[in-house]
Amino acid sequence: MPELPDVEGFRRVLSDHAVGRKIRRVDVLDPGVLRGVGVGTLQQVLVGRRFGQPWRHGKHLVVPVAGSDSAVLLHFGMTGALHWACDRHRHDRVVFTFSNGELAYRDMRKLHGLRLANGADDVRRVVAGLGPDAAELSRAGLRDQLAGLRRQVKPALVDQAVVAGLGNLLADEILWRAYIHPRRSCADLDTDDFARLHTRMRNVLRQAVSQGRVPPRTTWLTGRRDEKPGSCPRCGTTLNHGRVGGRGTAWCPRCQPE
DNA sequence: GTGAATGTTCATTC
DNA sequence: GGAATGAACATTCA
C-alpha cells in the first residue's frame, strides 16, 4: 500500500496528533521491526521527549526528536502504516503513548521498519541515495531524470534512485493516463510524452495526496486492475496484465500502444 | 500446496 | 558499467 500519498497521510497523522506532545511510553511489541537500534536505546532517546515536525522524502518519513539531534526514520514496506488512537491490533509493532492518545506503527509483513538516526549526517544519508521527490518534480526535472536512460519507462519510474515516491500502482496509473506503454524505453520518449507524463503524474499525486491514499475509484486504472482482467475506464478495452521489471503490471492495449 | 502481493536490496547474468 | 532478472526478507490471502 504505502506509496508517496500514503506516507504523506502518515505524516499528517503524526503532525496533527503527536507533534509537540510528550512521549510517555514506547512499547516495542515486536523488536523484529527495529533496524540497527535496540529497544532500550530507542526508549532512552524518546521517552520524555517530543517529536518535532516530521518530513517526507519519497516513501521515507523522518521524525526529528526535539531537543536532540536524533530522528526516527520510518519506512513502511508494502504493508506498514501509522494509526492514531486505535484499538490494539495484532500487527502493531511499536506503540508510542502520549498524554492524548497512542500512535501505532503497524506492519504485517515487517519488510522494513524503524531506524534511529544520530545527527544530521545520518539523516542526510537516507535521502542521499534517492532521486527527487515525485511531488516536487518539475517537468524539466522529470525529463532530466528519465531522458536518455536505456531502460523501460516503468522500471525507471519505480526506481527510487530515479524518482522517489512512486510505487507499482501509481506508476501504472500515471503511464495509463499519459498513454504510454510501460515497456517503452525512456530513450524513445519525446517532448510530448514527457509533458503528458509530468502533467498526469502531478495530477494523480495531487488527488491521491489530498486523500492520503491512492483512491480506489473505478475511474482510475487502480480501481479496475484487481478485477483481473478488468476494463479500461476510458475506452472499455479489456486490460492487459503482465510482468514489467519483475512487477505485476496492468495497461490498456488500446490507449497504451507498444 | 502454489503463487502473488502496493517495497527494497543484493547477487547474478547478459 | 548498465540493465534485466531472480532471490531474499515475513506474512497473508486467493
Side-chain angles (χ1 to χ4, degrees), chain A residues 1-10 28-36 56-62 73-82 89-94 105-115 125-131 133-134 145-176 181-189 201 204-205 207-209 211-217 220-230 239-251:
Chain A
M1 184 210 304
E3 303 186 56
L4 187 155
D6 307 278
V7 179
E8 184 61 22
F10 304 150
V28 178
L29 309 178
D30 186 341
V33 297
L34 299 187
R35 313 278 151 156
R56 181 192 60 70
H57 189 101
K59 304 171 188 174
H60 291 259
L61 193 58
V62 180
L73 309 175
L74 296 173
H75 194 290
F76 301 92
M78 287 169 89
T79 54
L82 283 182
H89 184 282
R90 59 190 289 237
H91 296 137
D92 286 348
R93 310 300 185 183
V94 181
Y105 176 85
R106 185 177 297 176
D107 189 14
M108 179 178 79
R109 276 158 72 179
K110 299 188 284 183
L111 290 178
H112 293 273
L114 187 155
R115 288 185 289 158
R125 264 191 287 280
V126 180
V127 177
L130 299 173
D133 187 83
Q145 293 302 107
L146 296 179
L149 290 185
R150 294 219 275 255
R151 301 177 69 177
Q152 297 173 326
V153 62
K154 163 154 178 181
L157 281 179
V158 298
D159 184 341
Q160 301 300 297
V162 174
V163 177
L166 303 182
N168 201 37
L169 295 186
L170 273 178
D172 282 1
E173 185 72 40
I174 292 164
L175 288 169
W176 170 71
H181 191 286
R183 279 201 259 258
R184 279 181 64 189
S185 167
C186 291
D188 285 346
L189 301 180
M201 181 178 79
V204 164
L205 286 176
Q207 294 184 61
V209 162
Q211 303 196 35
R213 62 184 292 199
V214 178
R217 297 217 298 265
W220 288 42
L221 180 73
T222 310
R224 299 283 188 89
R225 60 185 299 157
D226 288 342
E227 290 163 25
K228 286 277 168 98
L239 296 175
N240 271 358
H241 293 264
R243 264 187 192 270
V244 181
R247 309 296 305 279
T249 301
W251 69 94

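By convention in this document, chain letters (A, B, ...) are assigned in the order of the sequence lines, proteins followed by strands, and residues within each chain are numbered from 1.
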Nearest-nucleotide pick for [X], side chain only, options being [options]:
X: A:Gln160; options: B:dT8, C:dT12, B:dG7; answer: B:dT8
X: A:Lys110; options: C:dT12, B:dT6, C:dA10; answer: C:dA10
X: A:Glu3; options: C:dA10, C:dT12, B:dG7; answer: B:dG7
X: A:His75; options: B:dT6, C:dC9, B:dT8; answer: B:dT8

Across the strands shown, which category fits A:Gly248 at heavy-atom distances under 4.0 angstrom: base, sugar-phosphate, nothing?
-> sugar-phosphate
For A:Arg213, answer base if it contacts any base atom (sugar-phosphate contacts may also be present), sugar-phosphate if it contacts only those atoms, and nothing otherwise; contact means non-hydrogen atoms under 4.0 Å.
-> nothing
Comparing A:Arg243 and A:His112 on DNA chain B - which has the more 5′ nearest nucleotide |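 Mapping each residue to its closest nucleotide by heavy atoms, the 5'-most match is A:Arg243.
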Do the side-chain N or O atoms of A:His91 get closer than 4.0 angstrom to the phosphate oxygens (OP1, OP2) of C:dT12?
-> yes
Identify, residue by residue, the members of residues 149-157 of chain A with a heavy atom below 4.0 Å from DNA chain C, and return them in order of residue number, or none.
-> A:Arg150, A:Arg151, A:Gln152
Between CG of A:Leu166 and P of B:dG7 the distance, given in whole Å, is 10 Å
Between [N] and [M], how many Å separate the two [atom1] atoms, rounded to a whole number?
N: C:dG1; M: B:dT8; atom1: P; result: 25 Å
N: C:dT5; M: B:dA4; atom1: P; result: 15 Å
N: C:dA3; M: B:dT6; atom1: C1'; result: 24 Å

Hey, mind stepping through A:Arg247 and A:Asp172 against salt bridge (charged side-chain N to carboxylate O under 4.0 Å, His left out) and telling me if it holds?
-> CA-CA 11 Å; A:Arg247 309 296 305 279; A:Asp172 282 1; over 6 Å; no
Determine the interplanar angle of the A:His60 and A:His75 rings, folded into 0 to 90°, and report it as parallel if under 30°, tilted if 30 to 60°, perpendicular if over 60°.
-> perpendicular
If we call it a pair only when both distances are under 3.5 Å in a Watson-Crick or G-U wobble match, what pairs with B:dT6?
-> none
In terms of heavy-atom contacts, does CZ of A:Arg93 have more than 12 from other residues, nucleotides or ligands at under 6.0 Å?
-> yes
